[in-house]
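Data block below; observations after.
The basis for the numbers below is simple: all heavy atoms, side chains too, and nothing from hydrogens, waters or symmetry mates. Below, chain A is the first sequence line, B the second, and so on; all start at residue 1.
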Amino acid sequence: MKTNMRRKLAQQPFEEKIYQVGQLLQLSAKLKSQRGANDLAFTARRLRLRENATRGVFADERQLGIRRDPLIISAIKRKAVLTFRYNGKQRTVEPQTYGLSTAGREVLRACERSVAKSSKPSGMAKLFDVAKTSELQETGLRFPQALPAHNPDDSAMTEIFATLPRQRRFSRPDVMAACNVTFRMGNELWGGSIPEGGAEIFSEA
Amino acid sequence: MSEEPTSIPLADVRRAANDLVAAGVIQDYALGGALAAIYYVEPFTTYDADIIFVAADKGLTAGIPAIYAHLQERGWPVEREHLVVHGFPGRFLAVAGLTDEAVREARKIEYEGVPAKVLRPEYIVAIAASVGRHKDLARIEQMLEQAEIEKALLDDILRRYKLRLPTS
């Protein structure tokens, strides 16, 4: 059946066949230009959809009171110490992770510096409800890195807006031996090297 | 090529080739390649025309520089080694062996009032067998299925040029 149809097409006058080849070329050129236009339209549509989706997410978040506070995000990125009032007390913290809790609230995982212990971190990170904070600002101080127990994939959060990288931990004795400062914190031995005024702190796992 | 072809200006291509014959730049020519196959089978897309010619100059270049120089001199549009008419490229290919015989045995036709020659289907099949690319094998299948082929002639050509058709 198909072969017969093709044979029939083959028996057309040459002029007619050449005309049809010309039509095939036109069709091919049209499809190519259409495909190019479609590719552009498709990309533009995807960008619009993504933009609208992002806008939608932000709008929904605003309705829910989610701010994605740029001050907190910036402080985490730059390892800047924050201070704020919380439950009637002034807190000074080293922010570790900022995100949405499993209950849908904006939370900040941060290590509180004790005023009594001359602004040293307590070693424990607490979860702060960002909606309950006030007078949030940077102190101007910096901290070197995340806590040893810091987990960038904080299990208390469903979405993370910003987090510190995990602390580099070494258990190799030669690394510890290279440290020019060592000290014990709780059950852990800590070591540090201070090359050219900078500080690298290692802990023995 | 600067623009994509949207038609086949075959009559113009043949006028250019006839012009070369008249000027003595080439001795003879025939339409080969896909367009020759289309003479015998259903139409399909092709993007150029192969003009297989018998050179007047038997030197190493087969007179190809002279062909394009002559075409340009006569006002035909030439881009590198293609005659380009309305965006459709025509390529001049010098004969050798099988193609030489194919041109000499080519069928005389008339297209839109312009006399020309087109390779016989048996030679189209034999040339495709000698080249052997995927598209040539597909062409052989198409020709055997749709064109009226003189089997004795085809067998003779294949035997003389030591060619074999692909087995399916």
Side-chain angles (χ1 to χ4, degrees), chain A residues 1-62 68 70 73 77 159-162, chain B residues 1-14 30-31 33-50 84-90 106-121 124-125 138-139 141-149:
Chain A
M1 175 74 179
K2 217 157 127 185
T3 308
N4 286 341
M5 277 177 63
R6 298 176 84 178
R7 281 189 184 138
K8 215 171 177 179
L9 286 169
Q11 284 161 11
Q12 297 174 104
F14 190 41
E15 281 88 347
E16 179 61 29
K17 288 198 271 189
I18 292 297
Y19 173 73
Q20 287 172 9
V21 175
Q23 285 188 319
L24 285 172
L25 290 175
Q26 278 182 26
L27 190 66
S28 163
K30 200 172 168 183
L31 282 172
K32 274 183 195 166
S33 65
Q34 209 168 49
R35 195 171 52 196
N38 283 348
D39 285 350
L40 282 175
F42 180 69
T43 308
R45 197 162 57 239
R46 279 187 62 183
L47 284 171
R48 274 199 303 275
L49 281 172
R50 192 187 300 170
E51 203 175 271
N52 289 342
T54 310
R55 276 196 200 126
V57 167
F58 282 133
D60 288 344
E61 285 184 355
R62 276 194 298 276
R68 289 177 187 260
I73 293 170
K77 283 181 181 168
E159 189 182 348
I160 290 169
F161 304 150
Chain B
M1 296 302 133
S2 53
E3 54 181 307
E4 188 142 322
T6 51
S7 65
I8 310 281
L10 195 51
D12 285 336
V13 173
R14 289 179 180 200
L31 189 60
L35 285 177
I38 289 169
Y39 186 82
Y40 302 101
V41 301
E42 66 183 317
F44 57 89
T45 312
T46 183
Y47 294 93
D48 60 8
D50 285 346
V84 184
V85 186
H86 305 305
F88 191 80
R107 191 172 283 180
K108 285 182 182 163
I109 63 161
E110 200 166 277
Y111 180 82
E112 292 181 351
V114 182
K117 287 166 87 175
V118 64
L119 298 188
R120 290 180 61 97
I124 295 172
V125 172
R139 184 170 296 164
E141 193 182 338
Q142 197 179 26
M143 290 291 292
L144 295 176
E145 188 183 272
Q146 297 173 26
E148 286 178 19
I149 295 201

Salt bridge (Lys or Arg N to Asp or Glu O under 4.0 Å) involving Glu145(B) - partner list, sequence neighbours excluded: Arg6(A)
Option in Leu10(B), Leu35(B), Ile109(B), Thr45(B) with maximal non-hydrogen atom pairs under 4.5 Å from chain A: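 The candidate making the most pairs under 4.5 Å is Thr45(B).
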Check: Ala10(A) main-chain N/O paired with Lys17(A) side-chain donor or acceptor under 3.5 Å: yes
Tyr39(B): partners by ring pair (Phe, Tyr, Trp, His ring centres under 6.0 Å), with sequence neighbours left out: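 So Tyr39(B) forms a ring pair (Phe, Tyr, Trp, His ring centres under 6.0 Å) with Phe14(A).
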Contact class of Tyr111(B) relative to chain A, heavy atoms under 4.5 angstrom: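 For Tyr111(B), heavy atoms of backbone and side chain both lie under 4.5 Å from chain A.
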Distance-only donor-acceptor check, side chains Glu15(A) and Tyr19(A), under 3.5 Å: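 Absent: no donor and acceptor within the cut-off.
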Segment of Gln12(A) engaging chain B (4.5 angstrom heavy-atom cut-off): side chain
